[in-house]
Amino acid sequence: MTKKLVLIDGNSIAYRAFFALPLLNNDKGIHTNAVYGFTMMLMRIVEEEKPSHLLVAFDAGKTTFRHETFKEYKGGRQKTPPELSEQFPFIRELLDAYNIKRYELANYEADDIIGTLSAQAEQEGLDVKVISGDKDLLQLVSDRVTVDITRKGITEVDSYTPAFIDEKYGITPEQIVDMKGLMGDSSDNIPGVPGVGEKTALKLLKEHHTVEQLLESIDQVSGKKLKEKLEEHKELAIMSKKLATIFREAPIEVKVEDVSYEGHDNEKLAALFKELGFNSLLDKLGYEAEEIHEEFEDMNYEIITSVREEMLTTHSALIVELFDENYHHADIIGFGIANETGNYFIPADTALESEVFLSWISDEQMKKVVFNAKKSAVSLKWKGINLKGVYHDVMIASYIINPSDSNDDLATIAKQKGYSQVQSDEAVYGKGAKRKVPEQDILAEHVVRKALAAYHLENQLTDELKANEQYKLFEDLEMPLSLVLGDMEHQGVKIDMNRLNTMGTEIGERLDEIEKNIYRLAGESFNINSPKQLGVVLFETLNLPVIKKTKTGYSTSADVLEQLADKHEIISEILHYRQLGKLQSTYIEGLKKVVYEETNKVHTRFTQTLTQTGRLSSTDPNLQNIPIRLEEGKKIRQAFVPSQQDWVIFAADYSQIELRVLAHIANDEKLIEAFQNDLDIHTKTAMDVFHVEQDEVTSNMRRQAKAVNFGIVYGISDYGLSQSLGITRKEAGKFIERYLESFPGVKEYMDDIIRDAKEKGYVTTLLQRRRYLPEITSRNFNLRSFAERTAMNTPIQGTAADIIKKAMIHMAERLKEEGLQSKLLLQVHDELIFEAPKEEIETLKKLVPEVMEQALELKVPLKVDYSYGDTWFDAK
DNA sequence: CCTAACACGC
DNA sequence: GACGTACGTGTTAGGA
């Protein structure tokens, strides 16, 4: 069989694929459409053409020898979109995985490489197929050379043979350059003869065959105008033909025999497809994601009845398996261990009675990889066991690499990295009412598989962290933070139950009263807590004007009710009822439900791996949203008390941390100066935005400036600002515009960060926390706008989160170093809450602000305010 | 058992 | 100019 050489015009195909396909991205926000299209094309070629030899040629750089002839060659071209540029490294990886040679040569275009190699191949008797999106290549067509030009999409092509060219244009392949010489080529900025298009060029060539012959016999051309043009632009025609002519003797170092194609590397290709998220192509490969790490399938493990010293090594993966979702006081049901000696399941009783195991688990020198270090440590701490030596938490690593992945289930992370043998906890235990511990062998296998996955994932995740320059963030910030958080959760916060009960009774009575009043005003009884029923009463029975609708009916939200306040007496009653009802159900009853009876404490759980910005969240109970704004709600804080007699609650909060971070990141002169002089930032903003002196700033101006600052910090839109200020969207837009004019450094930052995010697909904080924003290149205005605001906001909020996390670690260290009894209890985004013996108050007054303010050095000082008192309420 | 609507904090 | 608009957690109602 005749050998076949396939030559691919790499740049051309990449461009075609990019523009033919929607802008796909993978889970990390990297665009993949061009790579995908390229892959489809390669698959088709390999399948249909069965090439014995294969090469992809690329353009080398901006200038080629053609620029010496005509410096405007390819002038006026649009810059390659960054969304495409970022894909070229993957295309190269793709070709390497396919074991396909790629080649580029300085000063020459891909066309010349293809032309030269096809000439060689023809001589050696090979069949040649050229693949491109560029019809220039048609000049290479011969009896042995076919050129495929992409038609629509990427896999549909027209195959040009000499016969097809004759049929389509009525000329020979050699005459293609003459055609280009006459008609030019706008995409390459080849001029051609003005006034001559395809039709005229073809007509002239049928008669005169070549540009040269034509120019020698211009007098025979019919048409006066045309004659003149040809005469006038002789030089241009000659030059254009030269530009369009592919150079078939380029000094390339590759020979046909160097580019033989032996087939692709299955493993490499599968790994790349996995990385890019080409799951459908994985199937096509005859590969499944699961098979990447198939050594996993026949895992051996042992259920331990008596712990042996030699199975507990200094580098082990450890799974502490709990049944309860809440790990405080949860039952440990077993331990999974994987290391170089084997895989083991140790039932809880066996482990907890084993001296060998207990000393290993508390040995700092025995290094452990875990999944969810805090959960493991806290659950053991409740049993009086100190988990030590944890140096890698797979959950945290995965969160750092990409916070948008669901990191709370090891199975998900494992699967994403190619280990599909791990089952999700939900699949093993069931959910809801059906949740139960399975048979021991099923449990054991599940736990051991998790351990084994963690054992294998460590290296992979570490590599990724290092590649992203996030290892420091992982090792020095989040890992130590998990220990600090675990201690805080375990310590808990004491609740004054009497206070809570008294408040509950009082609020209950007031609710009864308001309820009666509402029924009287409505003229009927109904469930005030039901928005549906309330809507009927307000908008049908009482006929109040409908301001807003939700998708299920009338909106009865607070902002709607406020607008109806002067229309009917019932409105203010309902608002008050809602306010008290919220206090009662969430903060009195809700809190009481989670107080531990023996100690009267609440033990929240901080989720360290959830938010997209790097903030923490808090659950069961959520202690980050205890009321403070309204006086009635704030009183709830009277129930949060120190755990010991003669202790106090000590609270310290950062003043304007986000805006200070903004001043630093944006490097805005005016903002930096304002903070260096410790000005009231909202007043200062009002002065700049409204162009007034300090004593001319009215309280209304300050309020509006404050809302704008709020908007900057939280990344709200003009619509959001208009809502919070009760003004039109247009006016809100003006405010934002004026703000940005007033702070040009901020404006520049906003523009830069969006550009940066579009280019890289993610934004980072000062400490290298990442957030991927795949939608920033979306054609959907909403999605794109949202991503843009996120790009502006995340570095600000995320850096603030970085700072307080660092402060927490330092704080814990200092308290220990100084031998203080004071305990860190809570973190509420920009504040830290402690409990402290009275004797230590004076020490804390100095120590806490010092540590917090020095957590990270910025171009502006960080400022911390503090207060203390007998309850959280009094620490104001 | 899930979703929608609402409200609390930063 | 439309589009539907910070992130979390928890409660209640109401329909599958």
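Letters go in sequence order (proteins before strands), and every chain restarts at 1.
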ask   = Which is true for L583(A) with a 4.0 Å heavy-atom rule: it touches a base, it touches only sugar-phosphate, or it touches nothing?
value = nothing
N326(A) CG to dT9(C) P, in whole Å, measures 14 Å
| So what does R578(A) hit on the nucleic acid, given a heavy-atom distance under 4.0 Å: a base, only sugar-phosphate, or nothing? | sugar-phosphate
**Study point:** dG9(B) versus dG4(C) - spacing of their C1' atoms, nearest Å
**Key:** 24 Å
So S555(A), base contact, sugar-phosphate only, or nothing? Heavy-atom distance under 4.0 Å. sugar-phosphate
Q612(A) near the nucleic acid: base, sugar-phosphate alone, or nothing, with a heavy-atom cut-off under 4.0 Å?
sugar-phosphate
Atom CG of L623(A) and atom C1' of dG8(C) are separated, to the nearest Å, by 14 Å
D718(A) atom CG is separated from dG1(C) atom P, nearest whole Å, by 13 Å
H829(A) NE2 to dC7(C) P, in whole Å, measures 13 Å
Which of dG4(C), dC10(B), dG8(C) is nearest the side chain of L610(A)? It is dG8(C)
- Going by atom types alone, do N625(A) and Y587(A) pair a side-chain donor with an acceptor below 3.5 Å? yes
Between H664(A) and F675(A), does the ring centre distance come in under 6.0 Å? no
In whole angstroms, the gap separating C1' of dG4(C) from NZ of K549(A) amounts to 19 Å
Problem set entry | Touch class at under 4.0 angstrom, heavy-atom based, for S618(A) against every strand present | sugar-phosphate
Taking for N782(A) and for N793(A) the nucleotide of DNA chain C with the nearest heavy atom, the one nearer the 5' end belongs to N782(A)
Which is true for F786(A) with a 4.0 Å heavy-atom rule: it touches a base, it touches only sugar-phosphate, or it touches nothing?
sugar-phosphate
Regarding the side chain of R637(A), the nearest nucleotide among dT11(C), dT5(C), dG9(B) is dG9(B)
Q.
Given the structure, check if the side chain of S585(A) and the base of dT11(C) hold any donor-acceptor pair shorter than 3.5 Å.
A. no
Between F735(A) and Y739(A), is the ring centre distance below 6.0 Å? no
Practice problem: Tell me whether the OP1 or OP2 atom of dT9(C) has a side-chain N or O from T619(A) closer than 4.0 Å. | Solution: no
Among the nucleotides dC10(B), dT5(C), dC6(B), whichever has the atom closest to the side chain of S717(A) is dT5(C)
Rounded to whole angstrom, note down the P distance from dT5(C) over to dC10(B). 24 Å
Pairing partner of dA13(C), by Watson-Crick or G-U wobble and under 3.5 Å for both distances, is dT3(B)
Taking dC10(B), dC6(B), dA5(B) as options, the one with an atom nearest any side-chain atom of K551(A) is dA5(B)
Partner of dC3(C) under the Watson-Crick or G-U wobble criteria, both distances under 3.5 Å, comes out as none
Does dA6(C) have OP1 or OP2 under 4.0 Å away from a side-chain N or O of T613(A)? no
Side-chain N or O of R629(A) closer than 4.0 Å to phosphate OP1/OP2 of dG9(B) = yes
Heavy atoms of Q584(A) and L511(A) approach each other most closely as CB-CD1, 4.0 Å
Q) R755(A) and D752(A): salt bridge (Lys or Arg N to Asp or Glu O under 4.0 Å), yes or no, with the steps? A) CA-CA 5 Å; R755(A) 189 167 347 107; D752(A) 288 351; 3.3 Å; yes
From the candidates dG9(B), dC6(B), dT11(C), the one with an atom nearest any side-chain atom of T586(A) is dT11(C)
>> What contact category does G590(A) fall into here, base, sugar-phosphate, or nothing, at under 4.0 angstrom with non-hydrogen atoms?
In response: sugar-phosphate
### Task
Just call it for D620(A): base, sugar-phosphate, or nothing, with non-hydrogen atoms closer than 4.0 Å on any strand.
sugar-phosphate
From CD of Q608(A) across to P of dG8(C) the rounded distance in Å is 15 Å
Below the 4.0 Å mark, does dA13(C) have OP1 or OP2 next to a side-chain nitrogen or oxygen of N527(A)?
yes
Q533(A) CD to dA5(B) P, in whole Å, measures 16 Å
Exactly one candidate in L671(A), L679(A), N709(A), V689(A) meets side-chain contact (heavy atoms from CB on, under 4.5 Å) with K684(A); the answer is L679(A)
request  = Could you label the plane-to-plane angle of the H328(A) and Y596(A) rings as parallel, tilted or perpendicular, counting under 30° as parallel and over 60° as perpendicular?
outcome  = perpendicular
Side-chain contact check for Y714(A): nearest option of dG8(C), dA13(C), dA6(C) is dA6(C)
Remember a base hit wins even if backbone is also touched, and classify L783(A) as base, sugar-phosphate or nothing at under 4.0 Å, heavy atoms. nothing
Here's one to test your reading of the geometry: is the NZ or CZ of R605(A) within 45 degrees of the ring axis of Y327(A) and under 6.0 Å from its centre?
yes
Of the candidates dC3(C), dC8(B), dA6(C), the side chain of F781(A) sits closest to dC3(C)
So what does K431(A) touch, heavy atoms closer than 4.0 Å: a base, only the sugar-phosphate, or nothing? sugar-phosphate
>> If you compare every side-chain N and O of T556(A) against the phosphate oxygens of dC6(B) (OP1, OP2), does one of them come in below 4.0 Å?
In response: yes
Between CG of N709(A) and P of dC10(B) the distance, given in whole Å, is 17 Å
Ranking dA13(C), dC8(B), dG10(C) by distance to the side chain of N529(A), first place goes to dA13(C)
- Query: Counting any heavy atom closer than 4.0 Å, what does T552(A) reach on the DNA or RNA strands: base, sugar-phosphate only, or nothing?
  - Reply: sugar-phosphate
Per atom distances to the S617(A) side chain, the nearest of dA6(C), dT9(C), dC8(B) is dT9(C)
For a quick check of understanding: with a heavy-atom distance under 4.0 Å over all strands, which category does I628(A) fall into, base, sugar-phosphate or nothing? sugar-phosphate
*asked:* Could you tell me if R770(A) sits above the aromatic ring of Y762(A), with its cationic atom closer than 6.0 Å to the ring centre and no more than 45 degrees from the axis?
replied: yes
| query | Distance check: side-chain N/O of T550(A) vs OP1/OP2 of dA5(B), anything under 4.0 Å? | reply | yes
